[in-house]
Each structure stands twice: as structure tokens, then as C-alpha cells.
Protein chains: 2
Amino acid sequence: MIDKTHKLFEQLEFHTQENNDFLKNLTIDNVIFGYHNKELKVLLVKNPYITPWMLPGGYIKKTEDVETAADRVAIQRTGISNLYLKQFKIFSKPGRNKSVFFTPESLAKLSGVTIKKNHWLFDQFATVGFYTLTEFSKVDINKNDLEEEVKWYDINDLPTLLYDHDQIIYEAVKALRHNIYHFPIGYELLPEKFTLPEIRILYQTILGREMDDRNFSRKLLSLGIIEKLGETKSTQGHRPPYLYSFNKIAYQKALDQGIFFS
Amino acid sequence: MIDKTHKLFEQLEFHTQENNDFLKNLTIDNVIFGYHNKELKVLLVKNPYITPWMLPGGYIKKTEDVETAADRVAIQRTGISNLYLKQFKIFSKPGRNKSVFFTPESLAKLSGVTIKKNHWLFDQFATVGFYTLTEFSKVDINKNDLEEEVKWYDINDLPTLLYDHDQIIYEAVKALRHNIYHFPIGYELLPEKFTLPEIRILYQTILGREMDDRNFSRKLLSLGIIEKLGETKSTQGHRPPYLYSFNKIAYQKALDQGIFFS
DNA sequence: CAAATAGTGTCTTTTAGACATTATTAA
DNA sequence: TTAATAATGTCTAAAAGACACTATTTG
């Protein structure tokens with residue numbers, strides 16, 4: 001049985017009371033992408049009492065909009081604030097949130113709290129899918145106030161997931177890959193100063209294909225979104241690469257107006 | 001007082017019973033664009049008992065997804081089936097659906113039905129915004145099983161609207177204008193056979209700017225999405241234009257993969 | 001000097017953009 | 001023949017795409 005000092009217990013008690021502060025039938029889920037070591041990863045959480053891994057997500061207060069809820073949930077589960085959030089799709093297939101791992105019976109058994117069979121927690125839910133990009137190293141995966149396990153998974157090597165979360169991640173990757181052709185990327189995924197090979201490998205990783213180094217840098221420089229700094233990055237045993245940074249103004253303009261990146 | 005034979009009465013009776021068939025706190029709204037006479041119009045509905053004009057929209061059954069609901073509502077309100085539907089944004093600002101025109105009191109007064117003050121109909125609702133494109137002439141605006149007034153409004157000359165529907169239309173236009181640069185358009189908005197000036201004026205109308213006739217046709221032809229037919233369209237007093245049709249395969253491919261249209 | 005990786009320039013092809021004259025029909 | 005509008009081709013500029021050699025550092 002669940003440890004009554006665990007945050008899940010607190011949460012359950014909270015939600016299973018007749019609570020009217022949250023929207024019924026609608027949640028948000030965040031696909032938090034982190035880039036690290038030439039791999040695109042996604043942040044998953046696992047409650048010790050619910051077997052499958054899940055996307056960080058949650059309920060929406062009636063006093064907040066979905067963006068605020070997504071931000072709140074992201075901070076709550078990951079400790080990161082001010083994430084760039086992109087709403088990409090709503091998932092609403094009937095029965096999408098049915099799971100043997102989240103039923104009145106299973107929760108009652110774990111928590112000792114009696115839960116009505118037709119409680120709104122177990123009703124049909126649509127969920128608003130958001131994705132977000134962050135630098136891997138910014139996330140302290142131990143700062144998690146729900147006492148859940150938190151882990152980065154490579155997008156090509158995901159564990160079994162709750163509900164339709166595999167589908168949500170698939171669509172998030174699709175949306176991300178589509179958007180990279182129309183908007184600049186990297187601001188949230190690279191350190192302040194980065195090298196040309198670093199940003200090129202980021203693009204290659206997200207798109208899953210090789211890009212010509214000369215044409216790539218020419219394009220970014222001609223758009224004005226990156227700028228060469230005087231400095232180089234010290235490396236071992238080979239020519240040191242120059243450091244670059246984003247030109248905030250050009251970057252923001254490209255975000256607003258859109259670009260065409262082949 | 002409301003005429004009890006009016007469909008609204010029936011609807012009210014239906015929804016004000018404790019009905020558990022619909023998602024709480026979530027609706028859909030359709031921005032139905034119709035192209036006609038070099039103008040981009042949007043279909044609005046008005047219930048004789050609720051003053052402001054509204055977008056066609058509605059509740060979502062727990063047994064359907066939002067796309068199905070949007071399609072169902074579109075058919076119900078306009079008589080058109082098989083509309084191309086594009087989900088573009090969710091609107092969820094707290095208080096967005098507060099209006100003096102839709103309260104327990106106003107409805108009770110109209111209908112004679114007593115409605116609980118905290119009935120879910122008057123609770124906070126998020127709404128999924130869809131837009132759709134259709135040929136003006138396909139819509140029989142009299143085929144409306146809710147006995148509402150239905151009217152096409154020019155997007156630059158909208159009446160006062162219920163809730164945040166002006167905002168929803170604004171965002172739909174923005175999404176449509178963005179998408180026209182990345183996906184082909186016209187299949188739903190033009191007759192099967194159309195002329196080059198017709199499709200060019202369609203683009204110009206949506207984008208709100210002039211386009212060079214020679215460069216425009218060169219681009220569409222080189223993408224392969226339109227094809228010249230042998231025939232011409234008879235006109236009055238000037239050279240008759242050739243007729244073209246869409247190449248379905250190339251059009252679908254362009255929809256799937258995206259294009260870049262400057 | 002070898003190994004490792006970064007930096008950079010040029011040519012070709014494709015696409016975009018600007019621009020004006022001729023063609024066809026009906027009245 | 002005039003009025004109305006459609007059709008069409010060419011030149012130039014910009015961008016994309018392909019491609020290979022030189023530079024710098026450490027061990």
C-alpha cells in the first residue's frame with residue numbers, strides 16, 4: 001500500500017474530494033525535449049505507484065488558461081521555469097485515458113481512500129499537447145515536488161508509456177521537425193556561446209539527416225541569426241572552433257515572421 | 001418568451017437535464033471560410049433568442065473526438081459534409097465564455113425552464129478552434145436544423161460577436177495566411193475547373209496583396225499542382241481564359257510534405 | 001609529423017523577381 | 001475598331017547545392 005507521506009497520497013486526497021477548481025475532461029501534457037550528447041531526449045516521469053512512464057502533465061484550473069497550466073506543470077515537475085511552450089495538437093480519442101494502472105480500484109487499493117467509480121478523474125479526458133525545448137543541463141531532475149522518478153529517454157528508445165503518450169510524443173516530434181524548417185531553433189537548446197559544429201549537429205539530430213557544413217553556416221549567417229564572437233573554444237588535439245552567439249533581434253524577427261530553411 | 005416549438009427550447013431541455021453524454025468545459029468552434037466574389041467570408045449563426053452573432057460550434061460527446069464533433073456541428077449547422085477541417089488553436093482564457101446573453105436567468109426567462117445557477121452550461125469552457133474552407137455556393141444557408149439565422153460576413157466587416165469569437169476569427173485568419181505559404185490551397189474553394197486569374201485572385205484575396213500573374217502561374221505549374229485543360233471558359237467581350245484543374249496526386253503530396261510558396 | 005577536426009571559397013543550377021507586348025473575344 | 005482581359009517569354013539577381021583543400025591544435 002501507498003506510503004501516506006507520499007505526495008501522491010496528498011494529491012489523491014485533494015482531487016478525490018468534490019473539487020470544483022479544475023476543468024473536467026481536459027488536461028495538458030508537456031513533451032519536454034532536451035538535447036544532449038547528439039541525442040534528442042524527452043523527459044518522462046514515473047510515479048512509484050503507477051507502473052508505466054508518463055509525460056509530465058496535469059489538470060487545468062478554472063482560473064488559468066492552458067498555457068499557464070502547462071507552465072505550472074512544467075515547473076512543478078521539472079523545476080524549470082520560463083520554458084518556451086508550443087501548443088501543437090489536442091488529443092481526444094474516446095477511451096484514450098483508460099488504463100488498468102489508473103482506476104478507482106487500483107487507487108483505492110494503493111491509497112486506502114475510497115473513490116467513487118464514476119469520479120471525474122476516471123472520465124474521458126481530452127489533452128492539449130505542448131512541446132518545449134530545453135538545454136539538458138538546465139534541468140535538475142531531482143527537483144520534483146511530487147516525489148516521482150524523472151528520467152530522460154532517447155526519442156528512439158522509449159519505454160512503455162501510459163495511455164496514448166507514445167502517440168503524443170510521435171506527433172510532437174513531427175511538429176518539431178516541421179517547425180524547424182520555418183522557425184529558428186537552438187536558443188533554448190544550446191549554451192549562450194556555441195560553435196558551428198555544435199549547432200549543425202543539433203539540427204542534424206532533430207532532422208535525422210546530414211547537412212553540408214559550408215552551406216549550413218552560410219545560411220545562418222546570411223539570415224543574421226548567429227554572430228561570430230572573437231573567441232575560440234579550447235579543445236583537445238585539433239584546431240579550436242570559433243564561438244558564436246545568437247543575435248536576439250534577428251532571432252526574434254525570424255520567430256515572428258517565419259523563415260525558410262531547406 | 002421563447003416559442004416552445006423552436007429548436008432552442010428542445011436543445012435547452014436536453015442540455016439542462018443532468019446529461020452526462022458531453023464533455024464538460026470543452027467545446028469546439030468552426031471558423032468556416034467561404035470564398036465568393038473576390039471576398040473572403042466567414043459563416044456566422046445567430047439564434048433569434050441570443051442577440052450577438054456566433055461561430056457555429058458546439059459540445060463534444062464523450063464518444064467522439066474533437067474532429068468528429070467539429071464535423072458533426074458543421075453538418076448540423078450548415079448542411080455541408082466532408083469539410084476539410086484544420087485544428088488551429090485552443091482558446092481557454094478564464095471567463096472567455098461569460099456573457100449577459102447566456103446566463104441561467106436569461107435562458108430561464110426565455111424558456112420557462114428553471115436552470116441551476118451552477119449548471120455546467122455556464123461554467124468555464126475552453127474551446128478548440130477549427131477553420132475550414134469551402135466554396136461559397138456549396139452552402140445552403142437555409143438548411144439549418146437549429147432554425148437559426150445563418151449569414152456570410154466579410155472578414156473585414158464583422159458584426160458584434162458572442163464571447164471571444166472575434167479573437168477566434170482573427171487567429172483563424174492568421175493561421176490560414178500562414179498555412180497558405182506552406183500548403184496548397186484552393187481545392188475546396190474553387191470549382192473543379194477554374195482559370196488562372198480565378199486562382200490567382202483567390203490567393204490575392206486571402207493574402208491581401210497583389211501577385212505577379214506570370215510568376216504565379218509559373219510556380220503553380222512547376223509544382224505540378226495545377227494542369228491546363230484543353231478548354232476555355234466563355235466570357236463576355238474579351239479573350240477567353242483557359243481552364244485548369246488540380247492534379248490530385250501532386251496536390252496531396254504538397255499537402256503532406258509542405259511546399260514553399262513565396 | 002600524425003591525428004583529429006575546423007574553417008573556408010567557387011562554380012553550377014535552380015528559383016525568384018521584375019517587367020511589357022501580343023492575342024482573343026464581343027459589341 | 002475599341003474595350004476588356006488573358007496569355008506569354010526573357011533577363012537579372014539571389015539562393016541552393018555540390019564539392020575539396022587548407023588551418024590549427026595536441027600528443
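Fair warning: this is a prediction, and the values are worked out from it, not measured in the lab. Chain A is the first sequence line, chain B the second, and so forth, proteins listed ahead of strands; every chain is numbered from 1.
Put simply, NE2 on B:H238 is 10 Å from C1' on C:dA26, counting in whole angstrom units. Atom CZ in B:F216 sits roughly 15 Å away from atom C1' in C:dG17 (whole-Å rounding).
Ion pairing of A:E148 with A:K46 is absent here, as no side-chain N (NZ or NE/NH1/NH2) approaches a carboxylate O to less than 4.0 Å. Checked for salt-bridge contact, A:D164 and A:R96 meet the test: a charged N lies under 4.0 Å from a carboxylate O.
The side chain of A:D213 approaches D:dA20 more closely than any other nucleotide in the set C:dT5, D:dA20, C:dG17. Ranking C:dA23, D:dT25, D:dC19 by closeness to the B:R239 side chain, first place goes to C:dA23. Checking C:dA26, C:dA6, C:dT8 against the side-chain heavy atoms of B:Q236 singles out C:dA26 as nearest. Among the nucleotides C:dA6, C:dT8, D:dA7, the one closest to the side chain of B:P197 is D:dA7. You'll find that the side chain of A:P241 is closest to C:dA6, out of C:dA6, C:dG17, D:dG17. When distances run from any side-chain atom of B:K219 to the nucleotides D:dA7, D:dG27, C:dT15, the shortest one goes to C:dT15.
Each of A:S217 and A:G237 lies near DNA chain C, and the nucleotide nearest A:G237 is the one positioned closer to the 5' end. The residue among B:R218 and B:T195 whose nearest nucleotide of DNA chain D is located toward the 5' end is B:T195.
Not a single donor-acceptor pair, N or O on each side, falls under 3.5 Å between the base of C:dG17 and the side chain of B:R214.
In terms of phosphate contacts, A:K228 brings a side-chain nitrogen or oxygen within less than 4.0 Å of OP1 or OP2 of C:dT8.
Listed by residue number, B:S262 are the residues of residues 251-262 of chain B with a heavy-atom contact under 4.0 Å to DNA chain C.
Using cut-offs of 30° and 60° for the angle between ring planes, the B:F261 and B:F216 rings count as perpendicular.
For NZ of A:K89, the number of neighbouring non-hydrogen atoms (other residues, nucleotides, ligands) closer than 6.0 Å is greater than 12. Within 6.0 Å of NZ on A:K233 lie no more than 12 heavy atoms contributed by other residues, nucleotides or ligands.
Here the CG atom belonging to B:D29 is positioned 3.5 Å from the OG1 atom belonging to B:T127, to the nearest 0.5 angstrom.
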